[in-house]
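The structure appears below as structure tokens.
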Number of protein chains: 2
Amino acid sequence: MVAEKQVKALSERTLRRLPRYIEILKRLKSEKIEFVSSNMIADELGLDSIQVRKDLAATGVTGKPKLGFAIDELINGIKHTLNWDNQTDAFLVGAGSLGSALLGYKTFSDHGLNIIAAFENEPSKVSGIINNITILPIEKLSDMAFRMKVHIGVITVPIDQAQHVADMMIEGGIRAIWNFAPIHLKVPDFVIVENAQLSHSLGVLTHKLAESLKGENK
Amino acid sequence: MVAEKQVKALSERTLRRLPRYIEILKRLKSEKIEFVSSNMIADELGLDSIQVRKDLAATGVTGKPKLGFAIDELINGIKHTLNWDNQTDAFLVGAGSLGSALLGYKTFSDHGLNIIAAFENEPSKVSGIINNITILPIEKLSDMAFRMKVHIGVITVPIDQAQHVADMMIEGGIRAIWNFAPIHLKVPDFVIVENAQLSHSLGVLTHKLAESLKGENK
DNA sequence: TTTATATCGATAAAAATATATCGATAGGTG
DNA sequence: CACCTATCGATATATTTTTATCGATATAAA
């Protein structure tokens with residue numbers, strides 16, 4: 001076995017910043033820049049350069065004194081850390097407006113995700129095709145996930161169906177769920193759930209705005 | 001002036017958990033339950049009960065020994081903390097698939113957000129109507145935001161237009177931006193930006209899944 | 001070739017966040 | 001009515017995350 005470079009554990013905070021680094025790095029790369037310092041990245045994102053260096057250290061990529069990090073190597077290193085240099089097959093359940101919007105995204109393949117089929121329980125939507133992805137009846141979910149060894153499930157159904165869909169996914173061997181339904185899914189320990197719920201982010205926004213406006217009226 | 005109950009500072013972590021509490025509380029309320037303990041909430045969400053109590057303390061709502069928290073009071077208290085008991089007018093820019101999906105959401109009004117108009121630079125989309133919200137030409141954004149005292153802007157345009165849209169919003173007096181474009185927006189200090197970028201959450205998922213599957217093959 | 005300097009990366013300190021402990025109290029039980 | 005117990009909420013401890021310090025080193029300039 002090839003010895004992997006020793007990589008430090010990644011905190012969730014760090015994981016969430018890594019895609020932001022890619023965003024900046026891609027832009028710099030398009031400007032033909034080859035090396036970038038932690039300071040430059042930090043400035044672009046309003047972060048601390050020490051934090052950037054620590055985050056990057058977690059990917060195993062090293063920089064050079066006086067020069068910084070080689071952009072190509074860094075992009076590849078971050079992608080590897082996120083497993084974005086592989087694509088994992090995924091099923092999406094719930095072809096409503098949000099689900100359809102997600103199906104339309106061409107860029108998930110750059111982010112390690114390959115949605116190969118979608119499912120619905122609403123007959124009028126079944127057998128539609130969005131962005132080359134066929135919409136199948138929900139009954140086939142578990143079997144197909146199992147047969148095709150699909151590991152990721154995306155849930156974009158309404159609240160009241162979400163837990164049931166999660167159960168079916170798990171029955172089909174799905175190991176990671178990207179959950180857009182505003183409900184806490186109960187799953188076994190070996191299943192990873194990542195919530196992508198608008199309300200969480202919206203709450204931060206509305207609270208901060210209220211605080212900010214309140215401060216002004218004093 | 002009415003003396004507000006002394007409320008502790010809210011960390012961003014706490015803010016993100018508050019909507020999850022509401023989710024659970026609403027369900028319990030629908031089951032006619034009137035009081036809930038921090039332990040019960042913690043169990044439902046897989047959190048620690050001490051943490052739940054601390055988060056709730058930050059809203060100013062108090063519980064009763066042996067009984068717990070009055071659900072109605074707690075829901076109201078959390079909503080008040082998030083400013084979800086008011087609605088703030090908002091503009092959305094970018095009526096692509098994601099933008100349209102957001103325009104279709106009826107529930108934002110429960111979350112303090114009232115999208116009153118949408119904007120687009122693509123002529124074929126302008127003057128369409130989604131969920132009773134009219135799509136207007138982007139040129140009108142700044143003026144209208146200013147005249148109508150709109151404080152929140154939602155950005156769902158492609159990467160290359162996002163900064164420009166943000167600039168127009170700020171020119172129109174918008175004070176808080178909910179940004180769905182995968183780019184770090186540069187804004188003055190007095191403007192609040194909350195990023196809602198799928199890639200951040202997806203990165204956590206793909207990384208954890210890879211770790212989890214790797215562990216198995218040892 | 002020597003010196004100066006930007007930058008890394010390791011270790012240390014500080015700050016933020018989460019968890020533990022424990023006395024106080026409302027409400028049920030004998 | 002007196003006791004027991006679940007639960008709160010304040011304070012204390014532990015852990016995680018961020019920020020600071022500083023020696024090492026690759027490159028550029030003198």
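Chain letters run A, B, ... following the sequence lines, proteins first, then strands; residues in each count from 1.
Counted within 6.0 Å of CD on Glu34(A), heavy atoms from surrounding residues, nucleotides or ligands total 12 or fewer; the atom is thus considered open.
By the side-chain hydrogen bond (donor to acceptor under 3.5 Å, both in side chains) test, Asn86(B) pairs with Asn83(B), sequence neighbours left out. Residues passing the salt bridge (charged side-chain N to carboxylate O under 4.0 Å, His left out) test with Asp48(B): none are found, sequence neighbours excluded. Contacts of Glu12(B) classified as salt bridge (charged side-chain N to carboxylate O under 4.0 Å, His left out), with partners at least two apart in sequence or in another chain: Lys208(A), Arg16(B). By the side-chain hydrogen bond (donor to acceptor under 3.5 Å, both in side chains) test, Ser212(B) pairs with Arg175(A), sequence neighbours left out. Listed by chain and number, the residues in a side-chain hydrogen bond (donor to acceptor under 3.5 Å, both in side chains) with Arg27(B) are Glu44(B) (sequence neighbours excluded). Taking Gln197(B) as the reference, Asn195(B), His200(B) meet the side-chain hydrogen bond (donor to acceptor under 3.5 Å, both in side chains) condition, with sequence neighbours excluded.
Side-chain atoms of Ser97(B) and Ser100(B) form no donor-acceptor pair, as typed in the model, at a separation below 3.5 Å.
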Show every donor-acceptor pair shorter than 3.5 Å between a side-chain atom in residues 101-111 of chain A and any protein atom, with sequence neighbours excluded, or say none if there are none.
{"from": "Lys106(A)", "atom 1": "NZ", "to": "Asn131(A)", "atom 2": "OD1", "distance (Å)": "2.6"}
{"from": "Ser109(A)", "atom 1": "OG", "to": "Lys106(A)", "atom 2": "O", "distance (Å)": "3.3"}
{"from": "His111(A)", "atom 1": "ND1", "to": "Thr107(A)", "atom 2": "O", "distance (Å)": "2.7"}

Return a table of donor-acceptor pairs under 3.5 angstrom between the side chains of residues 18-25 of chain A and protein atoms on other chains or two or more places apart.
{"from": "Arg20(A)", "atom 1": "NH2", "to": "His184(B)", "atom 2": "ND1", "distance (Å)": "3.1"}
{"from": "Tyr21(A)", "atom 1": "OH", "to": "Asp55(A)", "atom 2": "OD2", "distance (Å)": "2.6"}
{"from": "Glu23(A)", "atom 1": "OE2", "to": "His184(B)", "atom 2": "N", "distance (Å)": "2.6"}

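DNA chain D is contacted by no residue of residues 190-199 of chain A, taking any non-hydrogen atom closer than 4.0 Å. Listed by residue number, the members of residues 23-41 of chain B with any heavy atom below 4.0 angstrom from DNA chain D are Ser37(B), Ser38(B).
Residue whose closest nucleotide on DNA chain D sits further toward the 5' end, between Ser49(B) and Glu12(A): Ser49(B).
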Quick tally for nucleotides 24-30 of chain C: nucleotides whose base has a protein heavy atom under 4.0 Å get B, sugar-phosphate-only ones S, the rest -, giving -BBB---

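Rounded to whole angstrom, the span from the CG atom of Leu56(B) across to the P atom of dT7(D) amounts to 14 Å.
The side-chain heavy atoms of Glu194(B) and Ile177(B), taken from C-beta on, include no pair separated by under 4.5 Å.
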Distances under 3.5 Å between nitrogen or oxygen atoms of protein and nucleotides 18-23 of chain D:
{"from": "dT18(D)", "atom 1": "OP1", "to": "Arg13(A)", "atom 2": "NH1", "distance (Å)": "3.2"}
{"from": "dT18(D)", "atom 1": "OP1", "to": "Arg17(A)", "atom 2": "NH1", "distance (Å)": "2.9"}
{"from": "dT18(D)", "atom 1": "OP1", "to": "Gln51(A)", "atom 2": "NE2", "distance (Å)": "3.3"}
{"from": "dT18(D)", "atom 1": "OP2", "to": "Arg17(A)", "atom 2": "NH2", "distance (Å)": "2.9"}
{"from": "dT18(D)", "atom 1": "OP2", "to": "Gln51(A)", "atom 2": "NE2", "distance (Å)": "3.4"}
{"from": "dT18(D)", "atom 1": "O5'", "to": "Gln51(A)", "atom 2": "NE2", "distance (Å)": "3.1"}
{"from": "dT19(D)", "atom 1": "O4", "to": "Lys54(A)", "atom 2": "NZ", "distance (Å)": "3.4"}

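Using a cutoff of 4.0 Å between basic side-chain nitrogens and carboxylate oxygens, Asp72(B) and Lys29(B) are scored as salt-bridged.
Ring centers of Phe91(A) and Phe119(A): under 6.0 Å apart, within the cut-off.
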